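Atoms considered below: every heavy atom in the structure, side chains included; atoms not considered: hydrogens, waters and symmetry mates. Proteins get letters first, then strands, A, B, ... in listed order; numbering begins at 1 in each. Given the structure is predicted, the values throughout are model-derived calculations rather than measurements.
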Number of protein chains: 2
Amino acid sequence: MPGPKRWRHRFREQVCRWTMPREAILDLLSRTSKHMSPKEIYGEIQKSYPGIGLTTVYRTLDLLVRSGVINRFSFGDGQSRYEFKEGRKQSQHYHLICTQCGRIFDYSDFVEEELAIVRKTEAILAKKYNFMVQDHNIEFYGLCDQCQSQNERRS
Amino acid sequence: MPGPKRWRHRFREQVCRWTMPREAILDLLSRTSKHMSPKEIYGEIQKSYPGIGLTTVYRTLDLLVRSGVINRFSFGDGQSRYEFKEGRKQSQHYHLICTQCGRIFDYSDFVEEELAIVRKTEAILAKKYNFMVQDHNIEFYGLCDQCQSQNERRS
DNA sequence: ATTGTTAATGAAAATGATTTTCATTATCAT
DNA sequence: ATGATAATGAAAATCATTTTCATTAACAAT
Ligand SMILES: [Mn+2]
Ligand SMILES: [Mn+2]
Ligand SMILES: [Zn+2]
Ligand SMILES: [Zn+2]
């Protein structure tokens, strides 16, 4: 079943209607590799569907997060950011966040070793604290290439 | 040099005045193991120093974060949360966040292996992306013991 | 101990992200 | 094609955080 149709079916199952705003927002997120905020998504969506309201963007993002189709992040810049959850493990990646310019970079090297540790950790957590892990998140904060050279030029 | 006095000196160096609100807030954070929000801190501080305003709490937390004395987290519940940075490596720990009740648990098992991986990762990041890592963060999302049993009782 | 400079404070207003309300519209099972 | 009702958009409400500004307090110099 091709993309849109698959979503339509998937959502019908939970007494949901597959509407144009939902299609547009999911489509946008599935095409970008950026970590977009509601306002950014709204701005982008406006270009092709001027009728869609910011409120609907918020509601749709909530729905998609609850449905497990996208991920929500709080990188600490005052707004939430969203990312399409790609199929399977391939897409597993973590984030580098530049503390100066705020840009976010995807990072997916060494994920094998990291995942092994994470699995091991999850097992411990389940046994010791009886905590049922559903998801995890690793992030590195620091200075991106650009901000580093900018800084030394200034000093 | 005992606690308060040490801070007083440390802050003088950066043309800062060591004031009563700063003392009170740092003192509170250094005693608790909770991850408190500005409003929670404000509420607690009020009990002993009714004069201190919420604005000052915000400003002081910013100062302490910039000074590297405390850490700021965004766990995604709409407010930032703060934690005293304890001395040395001993205190290195990560977080378990219950997606249902929002409670946050400290976790510090297996940190050895995790730290080894993190170091390795940092080296790669530095080489490949020229990203200078200053800090990192690992968090697990899931259901805490209590919420799990609550759920099965309801189902 | 007193004093002057000015960093820090608190109250109120402003801002900005997110949520709620409610009348209207559009989806989709029948 | 139609009815039930889920979804929408605009406006208002909320809530966390920041800014403004007149007043206060810290502390270096005396
Ligand atoms: Mn990403
Ligand atoms: Mn902690
Ligand atoms: Zn940067
Ligand atoms: Zn819980």
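Relative ring orientation between B/H93 and B/H95 is described as perpendicular, the plane-to-plane angle rising above 60° on a 0-90° scale split at 30° and 60°. Taking the six-membered ring for Trp and thresholds of 30 and 60 degrees, A/Y107 and A/Y94 have ring planes inclined between 30 and 60 degrees apart.
The side chain of B/T56 places an N or O atom within less than 4.0 Å of a non-bridging phosphate oxygen (OP1 or OP2) of C/dG10. At least one side-chain nitrogen or oxygen of A/S80 sits closer than 4.0 Å to the OP1 or OP2 atom of C/dT18. Within the structure, a side-chain polar atom (N or O) of A/R22 is placed less than 4.0 Å from OP1 or OP2 of D/dT8. For C/dA17, one of the phosphate oxygens OP1 or OP2 lies less than 4.0 angstrom from a side-chain nitrogen or oxygen of A/K39.
Both B/M20 and B/R59 sit near DNA chain D, but only B/R59 has its closest nucleotide nearer the 5' end. The residue among B/Y58 and A/L54 whose nearest nucleotide of DNA chain D is located toward the 5' end is A/L54.
Atom pair B/M36:CE and D/dA16:C1' shows a separation of 16 Å (rounding to whole Å applied). The nearest whole Å value for the distance from the CG atom in A/L64 to the C1' atom in D/dA7 is 14 Å. Atom pair B/D62:CG and D/dT19:C1' shows a separation of 13 Å (rounding to whole Å applied). As a whole-Å value, the separation of B/Y42 OH from D/dT17 C1' is 15 Å. D/dT8 atom P lies 12 Å from atom CD of A/E23, rounded to whole Å. Summarising the geometry, the separation between CZ on A/R81 and P on C/dG16 is reported as 16 Å, rounded to the nearest angstrom. Here the P atom of nucleotide C/dT9 and the OH atom of B/Y49 are 13 Å apart, to the nearest Å. Here the P atom of nucleotide D/dT18 and the CG atom of B/L61 are 10 Å apart, to the nearest Å.
There is no path of hydrophobic side-chain contacts, each under 4.5 Å, that joins B/L143 to B/I97.
Of the candidates C/dT18, D/dT8, D/dA4, the closest approach to any side-chain atom of A/R17 belongs to D/dA4.
Backbone-only engagement by A/T19 is indicated by non-hydrogen atom pairs under 4.0 Å involving sugar-phosphate atoms exclusively. B/S37 comes within 4.0 angstrom of nothing in the nucleic acid, heavy atoms only.
Residues B/Y82 and B/L64 form no side-chain contact, since every pair of their non-hydrogen atoms from C-beta on lies 4.5 Å or further apart.
A salt bridge does not link B/R66 with B/D62: none of the charged nitrogens is closer than 4.0 Å to a carboxylate oxygen.
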